[in-house]
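Here's the structure we're looking at; comments come further down.
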There are 2 protein chains.
Amino acid sequence: MATTSTQSTAEILRERILEGSFPPGTILRQDALAQLLGVSRTPLRTALAELARDGLVTYEANRGYTVRGFDVNDIRAAFEVRANLEGLACRLAAPRITGEQLDRLQRCVTEGDVILSKGVLDPDDLAPYRRLNVEFHETIIAASANPWIADFVGRTHNVPLASDRVFHWEDHAIIFRSHNDHHRILKALRDGQAMRAEALMWEHVTNAGDVLVEHVAPKITDRQAPVTFHSKDTGNP
Amino acid sequence: MATTSTQSTAEILRERILEGSFPPGTILRQDALAQLLGVSRTPLRTALAELARDGLVTYEANRGYTVRGFDVNDIRAAFEVRANLEGLACRLAAPRITGEQLDRLQRCVTEGDVILSKGVLDPDDLAPYRRLNVEFHETIIAASANPWIADFVGRTHNVPLASDRVFHWEDHAIIFRSHNDHHRILKALRDGQAMRAEALMWEHVTNAGDVLVEHVAPKITDRQAPVTFHSKDTGNP
DNA sequence: TAGAACAAGATTGTATCCAAGTTAAGGGGC
DNA sequence: GCCCCTTAACTTGGATACAATCTTGTTCTA
């Protein structure tokens with residue numbers, strides 16, 4: 001295999017935690033967790049140290065790792081920063097974006113048009129549209145030519161419920177407006193209007209945060225009590 | 001000891017790399033490095049995984065860790081996002097900063113006045129002034145009540161030469177102007193002028209980046225050839 | 001009965017050992 | 001003579017064993 005056991009362990013754990021398989025406050029017992037994941041404690045511990053650096057789990061010396069909990073304010077704060085960073089990405093990208101990148105953005109927008117032209121939100125279209133959305137944002141960030149933005153925005157996705165893998169695919173009007181933002185952002189970037197692109201992106205992300213917070217707030221209000229993870233648990237509630 | 005061996009190893013390594021003790025491209029041989037630091041390979045590897053997550057070293061599966069090199073563009077890019085993030089911190093802090101925090105900012109400014117009133121830059125004043133500077137910025141970031149900003153700005157300090165531990169303590173006019181910015185930023189925050197505080201901080205950080213880049217650019221132009229780290233090396237060139 | 005001290009069990013942190021992969025050198029074939 | 005394959009030394013990755021620390025339950029005392 002081209003990848004190492006530590007890497008795959010970290011990836012699986014990250015996925016599980018972001019999915020919510022391990023409730024916040026869960027104490028991650030290394031022996032049990034290693035057994036569940038089918039690896040020894042050595043790669044598991046390395047993976048945990050990485051996740052701790054990403055803020056997904058907290059660490060206390062000689063007391064192990066626990067799954068970190070995020071409240072509504074953490075999510076709000078994440079979108080606050082992300083709105084600014086992605087706005088900055090637009091401002092930087094406007095004068096230097098390449099034709100090839102503009103083409104890719106155009107493709108995302110056009111394909112999104114097709115999906116949304118139905119007038120209703122087909123559940124089967126969720127995955128493709130989400131992929132388009134991710135590619136649109138990532139292309140702009142890449143066009144900004146500032147690697148820190150990509151890194152930091154990526155880190156704000158390391159939050160359960162705030163990741164762009166969570167998508168509110170219910171209200172056609174909301175998605176339609178969001179997609180319309182993409183149209184305008186692309187237009188602004190093509191015309192080299194840095195400030196306009198920045199303002200549009202800022203509002204675009206800020207509103208997405210508002211929608212998300214409004215939608216998921218009830219889910220997070222009940223703070224789980226600390227829970228211990230044992231080997232008999234499957235990790236899927 | 002309250003701290004664990006892994007933690008201290010990571011801290012020492014981080015310090016060493018930021019200082020420049022290990023030139024970019026250095027291949028960090030685990031056996032030799034562990035021997036140098038007086039620990040076994042296990043905690044060392046965990047520490048290295050952490051530093052890799054911070055971007056200080058790069059990792060390739062089955063081929064180990066190498067010290068990452070940063071060029072002028074990386075530093076420029078770091079200041080670009082830092083200027084925006086610290087500007088954002090000001091905007092957020094303006095309406096919610098506490099009296100206690102304003103007092104602390106005032107103290108930083110006043111003590112800085114005393115140091116700079118001499119009219120010349122005494123080398124003995126470098127450390128105290130640098131401490132005041134760090135406290136000023138960190139207080140505002142804390143006042144923004146957005147933990148992501150603190151995290152991300154901290155990460156931009158994880159760059160050799162771009163850390164705030166590097167300070168250009170030569171030109172009195174430059175320092176004086178910079179300190180004058182602090183005066184105005186404090187005034188803006190006290191008066192609740194969010195936009196003004198943001199603009200001032202943006203310019204403040206952007207200019208600091210310009211000065212740094214201009215000053216250190218010659219130092220980085222010569223890109224070191226890849227070098228292997230052996231146990232006989234002391235780590236101090 | 002409440003509280004503290006102690007001891008046993010459990011859990012984490014570190015070291016050592018073994019396997020798997022990589023790199024480099026030497027030998028054989030064209 | 002040059003290229004490729006084989007092989008051996010070296011390095012990294014993972015598993016296991018051992019040491020240090022924490023937790024918990026019990027017992028003894030005031």
Side-chain angles (χ1 to χ4, degrees), chain A residues 1-14 17 22-23 25-54 56-68 225-233 235, chain B residues 1-14 17 22-23 25-54 56-68 225-233 235:
Chain A
M1 65 181 159
T3 175
T4 168
S5 170
T6 299
Q7 293 172 315
S8 61
T9 301
E11 208 44 50
I12 291 174
L13 260 183
R14 185 191 311 276
I17 292 176
F22 301 103
T26 303
I27 301 172
L28 296 172
R29 288 280 138 75
Q30 298 176 2
D31 230 334
L33 196 54
Q35 198 174 339
L36 174 74
L37 299 178
V39 295
S40 126
R41 276 179 55 215
T42 309
L44 170 66
R45 283 172 49 89
T46 310
L48 283 171
E50 262 189 49
L51 296 188
R53 203 77 202 127
D54 288 343
L56 274 172
V57 299
T58 61
Y59 170 73
E60 270 180 299
N62 293 317
R63 296 172 93 197
Y65 298 86
T66 64
V67 178
R68 173 173 163 196
V227 145
T228 307
F229 172 78
H230 289 107
S231 57
K232 59 183 174 184
D233 296 332
Chain B
M1 64 180 161
T3 176
T4 167
S5 169
T6 299
Q7 292 173 314
S8 61
T9 301
E11 207 44 49
I12 291 174
L13 260 183
R14 186 191 310 276
I17 293 176
F22 302 103
T26 304
I27 301 171
L28 297 171
R29 287 282 140 74
Q30 298 175 2
D31 228 335
L33 196 54
Q35 199 173 337
L36 173 75
L37 299 177
V39 295
S40 126
R41 274 179 54 216
T42 309
L44 171 66
R45 288 188 43 197
T46 310
L48 284 171
E50 263 189 47
L51 296 188
R53 203 75 200 129
D54 288 344
L56 275 171
V57 299
T58 61
Y59 171 73
E60 270 181 299
N62 294 319
R63 296 170 97 200
Y65 297 86
T66 65
V67 178
R68 174 172 163 196
V227 144
T228 307
F229 172 79
H230 289 108
S231 57
K232 59 183 174 184
D233 297 329

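The chains referred to below are lettered A, B, ... by the order of the sequence lines, with proteins before strands, and numbering in each begins at 1. Only heavy atoms go into these numbers, but all of them, side chains included; no hydrogens, no water, no symmetry mates. This structure is a prediction, so every number in the text was calculated from the model and none was measured.
Rounded to the nearest 0.5 angstrom, Leu13(A) CG and Leu44(A) CG are separated by 6.5 Å. Atoms OG1 and CG, from Thr3(B) and Asn62(A) in turn, are 9.5 Å apart once rounded to the nearest 0.5 Å. Note: Leu33(A) CG to Tyr65(A) OH = 11.5 Å, rounded to the nearest 0.5 Å.
Between Ser40(B) and the phosphate of dT14(C), there is no side-chain N or O to OP1/OP2 separation shorter than 4.0 Å. Regarding contacts with the backbone of dG14(D), a side-chain N or O of Ser5(A) is found under 4.0 angstrom from either OP1 or OP2. Between Thr42(A) and the phosphate of dT16(D), there is no side-chain N or O to OP1/OP2 separation shorter than 4.0 Å.
Under the side-chain contact (heavy atoms from CB on, under 4.5 Å) criterion, Thr6(B) pairs with Thr4(B), Pro43(B), Thr46(B), sequence neighbours left out. Shown here are the side-chain contact (heavy atoms from CB on, under 4.5 Å) partners of Thr42(B), two or more places apart in sequence or in another chain: Ser40(B). Every residue two or more places apart in sequence or in another chain that forms a salt bridge (Lys or Arg N to Asp or Glu O under 4.0 Å) with Arg68(A) is listed here: Asp74(A). Under the rule for a side-chain hydrogen bond (donor to acceptor under 3.5 Å, both in side chains), the partners of Thr58(B) that lie at least two apart in sequence or sit in another chain are Thr66(B). Under the rule for a salt bridge (Lys or Arg N to Asp or Glu O under 4.0 Å), the partners of Arg53(B) that lie at least two apart in sequence or sit in another chain are Asp54(A).
Taking atom CG on Leu48(B) and atom P on dT14(C), their separation rounds to 14 Å, with Å as the unit. Taking atom CG on Leu44(A) and atom C1' on dA15(D), their separation rounds to 13 Å, with Å as the unit. In this structure, Asp31(A) places its CG atom 13 Å from P of dA15(D), rounding to the nearest Å. If you take CG of Leu33(B) and P of dC10(D), they are 19 Å apart, rounded to a whole angstrom. Here dA10(C) presents its C1' atom at 13 Å from CG of Asn62(A), a figure rounded to the nearest Å. In this structure, Arg41(B) places its CZ atom 12 Å from C1' of dA19(C), rounding to the nearest Å. We find that CD of Gln30(B) is positioned 13 Å from C1' of dG21(C), with the value rounded to whole Å. A straight line from CZ of Arg45(A) to P of dT11(C) spans 15 Å, rounded to a whole angstrom.
Across dG14(D), dT14(C), dG13(D), the shortest atom-to-atom separation from the side chain of Thr4(B) is found for dT14(C). If you check dG14(D), dT14(C), dT11(C) against the side chain of Arg29(A), the one that comes closest is dT11(C). If you check dG13(D), dA15(D), dA15(C) against the side chain of Tyr65(B), the one that comes closest is dG13(D).
Screening residues 57-66 of chain B for salt bridge (charged side-chain N to carboxylate O under 4.0 Å, His left out) gives Glu60(B)-Arg63(B) as the qualifying pairs, with residues at least two apart or on separate chains. Counting only residues at least two apart or on different chains, no salt bridge (charged side-chain N to carboxylate O under 4.0 Å, His left out) pair has a member in residues 31-49 of chain A.
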Taking only nitrogen or oxygen atoms into account, show me every contact under 3.5 Å that the protein makes with nucleotides 23-25 of chain D, one pair per line with its distance.
{"unit_1": "dT23(D)", "atom_1": "OP1", "unit_2": "Arg63(A)", "atom_2": "NE", "d": "2.8"}
{"unit_1": "dT23(D)", "atom_1": "OP1", "unit_2": "Arg63(A)", "atom_2": "NH2", "d": "3.0"}

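In this structure, Thr46(A) reaches neither bases nor backbone, as no heavy-atom distance under 4.0 Å exists between it and the strands shown.
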Bracket string, DNA chain C, 5' to 3' - pairs by Watson-Crick or G-U geometry under 3.5 Å, | interstrand: ||||||||||||||||||||||||||||||

